[in-house]
Amino acid sequence: MLVMLKLKEIKNNAKKYIELCKLIYIDPRTPKTAKILLWIAIGYALSPIDLIPDFIPVIGHIDDIIIVPVLLYIAMRSVPKNVYIENYVQILSK
């Protein structure tokens, strides 16, 4: 039961983070580097081509788990703080 609640919380947080990325992407104050990094993260996550093929046990999936969040982290760090906070508050108010 506790595991199901935790998974539901993760799902809800992921939805909010995706919405936050969308809002930040369409905000005209967002730098182009952040927008490019967001596109690279999305492209890598959806691409069938990986740095390490997924059929290699454990290591094949670890690259997906590491690369996409790192790209998103770098993209969010390059967004001005006031832009991030304004969009974050907008997501929390929903």
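Predicted, not measured: the structure shown is a model, and the values here were computed from it.
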In one Ile/Leu/Val/Met/Phe/Trp/Tyr side-chain cluster, 4.5 Å: Val79, Leu92: yes

Answer yes or no: is there a donor N or O on one side and an acceptor on the other, between the side chain of Thr30 and the main chain of Ile24, under 3.5 Å? yes

Hey, what do you get for CG (Leu72) to CG (Leu20), rounding to the nearest 0.5 Å? 10.0 Å

Between CD1 on residue Ile85 and CD on residue Gln90, distance to nearest 0.5 Å: 14.0 Å

Kindly compute the distance separating CD1 (Ile42) from CG (Leu71), expressed to the nearest 0.5 Å. 10.5 Å

Ile18, Val89: one ILVMFWY side-chain cluster at the under-4.5 Å cut-off? no

Checking side-chain polar atoms at under 3.5 Å, does Tyr44 have a donor or acceptor matched by the opposite partner on Asp63? yes

Minimum side-chain heavy-atom gap Cys21-Tyr17 below 4.5 Å: yes

Charged N to carboxylate O under 4.0 angstrom, Lys22 versus Glu19? yes

Are Arg29 and Glu86 close enough for a salt bridge, meaning some N to O gap below 4.0 Å? yes

Does Val83 offer a backbone N or O that forms a donor-acceptor pair with the side chain of Asn87 under 3.5 Å? yes

If you count every heavy atom of other residues, nucleotides or ligands that lies below 6.0 Å from Tyr73 atom OH, does the total exceed 12? no

Which heavy-atom pair separates Ala34 from Ser78 by the least distance, and what is that distance? CB-OG, 3.2 Å

Does Ile10 CD1 have over 12 foreign heavy atoms under 6.0 Å away? yes

Side-chain contact, heavy-atom cut-off 4.5 Å: Glu9 with Lys6? yes

Ile26 and Leu23: CA distance, side-chain angles, deciding distance, side-chain contact (heavy atoms from CB on, under 4.5 Å) verdict: CA-CA 5 Å; Ile26 62 173; Leu23 287 176; 4.3 Å; yes

How close do Leu38 and Met76 get, heavy atom to heavy atom, and via which atoms? CD2-CE, 3.8 Å

According to a hydrophobic-cluster definition based on side-chain heavy atoms being under 4.5 Å apart (Ile, Leu, Val, Met, Phe, Trp, Tyr only), do Tyr84 and Ile36 belong together? yes

